[in-house]
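To start, the structure itself, in C-alpha cells.
Throughout, protein chains are lettered first and strands after them, A, B, ... in sequence-line order, and every chain is numbered starting at 1. As a basis for the values below, the full set of heavy atoms in this structure was taken, side chains included, without hydrogen atoms, waters or symmetry mates. A quick note: this is a predicted structure, and the numbers were derived from the prediction, not measured.
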There are 2 protein chains.
Amino acid sequence: MKVLIVDDDALIRDGLKILIELEADFEVTGTAANGQEALEMCQKQRPDLVLMDIRMPVMDGVLGTKLIKQHFNTIKVVILTTFKDDDYIKEAIRSGAEGYILKNQPADSIIESLRAVGKGNTVFQREVVSALSTMLKDEKKPPVKLGLSDREQEILGLIAEGLSNKEIAERIYLSEGTIRNYTTGLLEKLKLRDRTQLAIFYLKNF
Amino acid sequence: MKVLIVDDDALIRDGLKILIELEADFEVTGTAANGQEALEMCQKQRPDLVLMDIRMPVMDGVLGTKLIKQHFNTIKVVILTTFKDDDYIKEAIRSGAEGYILKNQPADSIIESLRAVGKGNTVFQREVVSALSTMLKDEKKPPVKLGLSDREQEILGLIAEGLSNKEIAERIYLSEGTIRNYTTGLLEKLKLRDRTQLAIFYLKNF
DNA sequence: TAATAAACATGACATATGTCATATGAACTT
DNA sequence: AAGTTCATATGACATATGTCATGTTTATTA
C-alpha cells in the first residue's frame with residue numbers, strides 16, 4: 001500500500017516514514033509539510049492512503065482532506081493528530097476522512113489502523129469515539145403520534161417560529177379567531193398552558 | 001486473540017468461525033446465539049473480543065454489549081450486522097462497542113477490522129460513518145456574548161422553561177411587575193417581540 | 001457629599017392571548 | 001334525507017403580556 005505522509009514537523013515525518021517502511025506491505029511514496037503540498041503530491045504519486053496531520057501552516061489538514069477527497073476519491077485519508085478536539089473530529093468526519101487517530105499510541109496500533117482503512121473501513125481511536133458519542137443528536141423521538149391534525153401541526157409549527165396569531169392567520173389565510181381556536185385545541189391536546197410552552201414543546205420534540 | 005461469535009443464525013456462526021480460524025493469530029473460543037448466552041460465555045471463556053450480531057431473540061446485541069462492557073470492561077465488542085440503521089449505530093456507540101461493521105464486506109476486511117480493534121482502536125464501516133456524520137449535533141455557537149446581566153440571563157432561562165411572569169416572580173422572589181420590566185428589557189436587547197420568541201431564541205442559541 | 005447608576009417596585013394602560021358558546025357550510029355516514 | 005363530523009368563523013369575555021413613566025433603596029463614583 002502506497003502511503004503519503006503529511007506533517008509540518010520534519011521529525012515526525014521521518015519517524016513515521018521509517019516506522020511504516022518496516023512493514024512489508026507498505027511503501028511511503030513521499031512526504032509533505034502541509035495540505036497544499038499534499039494535494040500536489042497526490043496528483044503525482046497517486047498514493048493509496050494519506051496520513052494527515054491537522055494543524056499545519058499554509059493549508060490545514062481538514063481542508064487538505066476535503067480537497068484530496070474531491071479530486072481523488074479513491075485515496076483514503078487518515079487523520080493522525082495530537083488533538084482530540086471535538087471540532088476537529090466533527091470536521092474531519094464531514095470532510096470524509098477514513099480515520100482519526102491520535103499520536104499517543106504505539107506504532108503497531110497505528111499500522112493496524114492503516115491496514116483496516118486499506119480494507120475499506122474507518123478507524124477511530126476509542127477516546128475519539130467517546131468524544132463523538134456525546135455529540136450525537138438526542139433522540140428525535142420518532143413521530144410522537146399525538147393525534148394532531150395537519151392544520152394543528154402546521155399551526156404548531158408556526159407558533160414555534162415565533163409568529164403571533166394574527167401573523168399566522170395572514171400567512172395561511174384563516175381568521176385570527178380561528179387561529180385562536182386552534183391554539184386552544186393544541187393546548188388542550190398537549191396539556192400545556194400557553195403558546196410559549198407550545199413553542200418549547202415543538203422545539204424539543206420535533 | 002480469543003474471539004467469541006454471537007449470532008442467532010447457526011450458518012453465520014459456523015461460517016465466521018471457519019473464516020476466523022484460518023488466521024493464525026485468532027482463536028474462536030465459542031459461539032452464542034444471543035446476548036444472554038454471550039454474557040455467560042464471556043464469564044467462562046474470557047475472550048478478548050466479541051463479534052456481536054444486533055437483532056437476536058432473548059437478548060439483542062445492544063443490550064448484550066452494554067452488559068458485557070459493564071461486567072468485563074477489557075473485552076472488546078464489535079457489532080457485525082446487516083443493518084446500518086441510525087438508531088442501532090447510535091445505540092451501539094453509546095453501549096461502548098469498539099466497532100460497527102456490516103456483513104456485506106469481504107472476509108479479509110473484517111479480519112483487519114478485528115485486528116485494529118485488538119490494537120485498541122475503533123472501527124466503523126464507511127457507510128456507517130456517513131450515517132453518523134448526519135447525526136452530529138449542529139454547532140452550539142459558543143456563548144454568544146450578548147451583554148445580558150445575570151438576572152436577565154436567569155429570567156430568559158425561566159421564560160424558556162415556559163414559566164409565566166407570575167411564576168417567575170414567585171420562583172426568584174421578585175414582583176411580577178419587575179419580571180415584566182426585565183422581559184421588556186430582554187425584548188429590547190434581543191430585538192424580539194414577545195416571550196415566545198425569547199423562548200425560541202434561547203432554545204436555539206444556548 | 002452630591003451625583004449617578006443598578007436593582008427592584010408600582011400603577012396605568014394598550015394589546016395579545018386564551019376560553020367559550022354558538023354558527024355555517026361542506027363532506028361523509030346511515 | 002336526516003344526522004354527524006369537520007374546518008372555519010364570530011363575538012364576548014377574562015387574563016396575561018408588554019410598555020412606560022415614575023419612585024425607592026443601595027451601592028458606587030466623581
Review point. Can B/D48 and B/K76 be counted as an ion pair, charged N to O under 4.0 angstrom?
Key: no

Practice item. Kindly say if A/R195 contacts the phosphate of C/dT17, meaning a side-chain N or O under 4.0 Å from OP1 or OP2. Key: yes

Exercise for review: Under 4.0 Å between any heavy atoms, over every strand shown, what does A/N181 touch: base, sugar-phosphate, or nothing? Just pick one.
Suggested key: base

Review point. Atom CG of B/N165 and atom P of D/dG18: how far apart are they, to the nearest Å?
Key: 6 Å

Check your understanding: Rounded to the Å, how far apart are B/D150 CG and C/dA7 P?
Key -> 9 Å

Practice item. State which of C/dG18, C/dA9, D/dA7 makes the closest approach to the side chain of B/L174. Key: C/dA9

Check your understanding: In whole Å, what is the span from the CG atom of A/L192 to the P atom of C/dT19?
Key -> 11 Å

Review point. To the nearest angstrom, how far is A/R193 atom CZ from C/dT19 atom C1'?
Key: 15 Å

Point to revise | Heavy-atom closest contact (B/G64 atom, B/M52 atom, distance) | key: C-CE, 4.0 Å

Check your understanding: Which part of the nucleic acid does A/T178 contact within heavy-atom distance under 4.0 Å: base, sugar-phosphate only, or nothing?
Key -> base

**Study point:** Spacing of B/I155 atom CD1 relative to C/dA7 atom P, expressed in whole Å
**Key:** 11 Å

Check your understanding: Are B/D7 and B/R55 ion-paired here, with the side-chain N under 4.0 Å from a carboxylate O?
Key -> no

Practice item. Would you mind telling me which residue lines up with the more 5' stretch of DNA chain C, B/Y173 or A/E176, judged by nearest nucleotide? Key: B/Y173

Point to revise | Distance in angstrom units between B/E154 CD and C/dC8 C1', rounded | key: 14 Å

Revision key, fill the gap. By nearest-nucleotide position on DNA chain C, the 5'-leaning member of B/I179 and A/D194 is B/I179

Check your understanding: Closer than 4.0 Å, any side-chain N/O of A/R180 to the OP1 or OP2 of C/dA16?
Key -> no

Practice item. Return the nearest nucleotide to the side chain of A/S175; candidates are D/dG18, C/dC8, D/dA9. Key: D/dA9

Review point. Which atom names give the shortest non-hydrogen contact between A/C42 and A/F72, and what distance separates them?
Key: CB-CE1, 3.6 Å

Practice item. Please report, rounded to the nearest Å, how far the P atom of D/dT8 is from the CD1 atom of A/I168. Key: 14 Å

Review point. Which atom names give the shortest non-hydrogen contact between A/E98 and A/I75, and what distance separates them?
Key: OE1-O, 4.5 Å

Study note, to complete from the structure: Taken to the nearest whole Å, OH/A/Y182 to C1'/D/dC6 is 8 Å

Exercise for review: Would you indicate which nucleotide in C/dT19, D/dG18, D/dT10 comes nearest to any side-chain atom of A/T184?
Suggested key: C/dT19

